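Scroll down for the structure; my scribbles are underneath it.
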Amino acid sequence: MLSNEAKEAIKIAKSIKTQQSDKLTSDQVCFLRNDANQNNSVSIPDDIKMDEIDENAKGELYHLRNGIDQTVLLFIHGGAYMTGTVKSRRKLCFSLLRRLNCDGFSVDYRQWPEAKHPAAQEDVMAAYQYLAERYERVLVFGESAGATLALTLTLELKSEGRKLPAKIAVFSPVITQVNTMPSEFLMQERDPMLLGAGDPVPYFDEPYKNDPLISPIFGDFTDFPPLMINCGSEEVKYDDSKVLNYLCQKAGVDVTWTVWQDLFHVFVLFDMPETSQALNKIAEFLK
């Protein structure tokens, strides 16, 4: 049974969904980012020291007081390669870091309309390189488009024969930019957060290309690191998780797939008991 907080979150998500448009203008995207930073950001708490990194890698590096040495979490926010921000995801990132008791880096990658693919891929790769040079063990967490980037980052590293993340956890991943999975249609009325079966996001010039760095469904997952997949049962993106789990099982990956009943796309962005339960499981896996 859903908590009262989850039921309230569903009401809020429905109000967000009614405001969605298949095609956002550049001005609308900038407004939504600024609004997210103003209304969803949190200040840096006393037990965390933050360094703003603006070198080859760009983002916020969080040092957890008395945290585990040589372990770091690469945190990749979502937002359809448009509306997500580092600041608006701080609370989620901090919640994971406290459970993991390690440092974290939230990567500020380029998005549309300022940039297009492969800009985000390059920025996430630069962030991973930055961390791999400074920490022995890099964990990766991504949600929605950030989950896609967690997968494409690892696929690219693997194709180049480079050291891979120790473990990866993805939440509500998107594995194809062509929105034709059955759940895109079947969950239209059930997902309170997202519209289904819409046009591809404008960040990609070639969304229909069979490129694993655009749509991980075309990737080779052989020798992939241990992977945890999380999604809600009501998501229009549900089948993305289902197919990703199948592809990983087929490739012999140590994969765990958790479906959260009656919940929706990236519900961990909301304060509710189900979020705490999910983050506890993710932290247990990543440890």
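Only a predicted model underlies this, so the values are computations on that prediction, with no experimental measurement involved.
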Are [X] and [Y] connected in the hydrophobic side-chain network, where two residues link if heavy atoms are under 4.5 Å apart?
X: L97; Y: M228; value: yes
X: L153; Y: L96; value: no
X: L61; Y: V86; value: no
X: M181; Y: I214; value: yes
X: Y135; Y: L164; value: yes

For the residue pair [X] and [Y], what are the closest heavy atoms and their distance?
X: G79; Y: A145; answer: N-CB, 4.3 Å
X: C102; Y: L73; answer: SG-N, 4.1 Å
X: K23; Y: Q28; answer: O-OE1, 4.1 Å
X: F267; Y: E274; answer: CE1-O, 3.8 Å
X: V72; Y: F105; answer: CG2-N, 4.3 Å
X: L2; Y: I10; answer: CD1-CD1, 3.7 Å

Using only atom types and a distance under 3.5 Å, with no angle test, would you say the side chain of [X] pairs donor to acceptor with the backbone of [Y]?
X: S183; Y: D239; answer: yes
X: E156; Y: L213; answer: no
X: Q188; Y: G196; answer: yes
X: N245; Y: S241; answer: no
X: S233; Y: D262; answer: yes
X: T152; Y: T148; answer: yes
X: R65; Y: D46; answer: yes
X: R134; Y: Y130; answer: yes
X: Q177; Y: S215; answer: no
X: K158; Y: T222; answer: yes

What distance do [X] atom [atom1] and [Y] atom [atom2] have between them, rounded to the nearest 0.5 Å?
X: I217; Y: D240; atom1: CD1; atom2: CG; value: 7.5 Å
X: L131; Y: D103; atom1: CG; atom2: CG; value: 9.5 Å
X: Q277; Y: M272; atom1: CD; atom2: CE; value: 9.5 Å
X: I175; Y: L244; atom1: CD1; atom2: CG; value: 5.5 Å

Would you check if [X] and [Y] make a side-chain contact, meaning some heavy-atom pair closer than 4.5 Å?
X: V236; Y: L195; value: no
X: P113; Y: V29; value: yes
X: I48; Y: E60; value: no
X: F270; Y: E8; value: no
X: V124; Y: I76; value: yes
X: W260; Y: K281; value: yes
X: Q121; Y: L149; value: yes
X: C231; Y: W257; value: yes

[X], [atom1]: over 12 other non-hydrogen atoms inside 6.0 angstrom:
X: E189; atom1: CD; answer: no
X: N39; atom1: CG; answer: yes
X: K242; atom1: NZ; answer: no
X: E284; atom1: CD; answer: no
X: N56; atom1: CG; answer: no
X: Y246; atom1: OH; answer: no
X: E55; atom1: CD; answer: yes

Working note: L64 + F94, criterion side chain to side chain contact (heavy atoms under 4.5 Å, CB included); need CA distance, chi angles, decisive distance, verdict. CA-CA 9 Å; L64 199 67; F94 294 165; over 6 Å; no
Of the options V255, T256, L151, which is the one that meets C248 in a side chain to side chain contact (heavy atoms under 4.5 Å, CB included)? V255
Residues clustering with V178 (ILVMFWY side chains joined when closer than 4.5 Å, directly or via others): Y208
Just to verify, what does F285 make a ring-ring contact (aromatic ring centres under 6.0 Å, His included) with, not counting sequence neighbours? none
So R110 and K58, side chain to side chain contact (heavy atoms under 4.5 Å, CB included) or not? Walk me through it. CA-CA 10 Å; R110 288 168 290 170; K58 185 177 181 181; over 6 Å; no
Salt-bridge contact E114-R33 (side-chain N to carboxylate O under 4.0 Å): yes
Is there a side chain to side chain contact (heavy atoms under 4.5 Å, CB included) between T275 and L279? Walk through the geometry before answering. CA-CA 6 Å; T275 291; L279 295 181; 3.9 Å; yes
Can a side-chain donor-acceptor contact be found between [Y] and [X] if the only test is distance below 3.5 angstrom?
X: H265; Y: D191; value: no
X: D27; Y: T25; value: no
X: N179; Y: K237; value: yes

Please state whether the rings of Y109 and H77 are parallel, tilted or perpendicular, taking 30° and 60° as the class boundaries. parallel
Ring geometry between F204 and H117 (parallel below 30°, tilted from 30 to 60°, perpendicular above 60°): tilted
Do T83 and L24 pass the side chain to side chain contact (heavy atoms under 4.5 Å, CB included) test, and can you show the C-alpha distance, the side-chain angles, and the key distance before you say yes or no? CA-CA 10 Å; T83 59; L24 291 172; 4.2 Å; yes
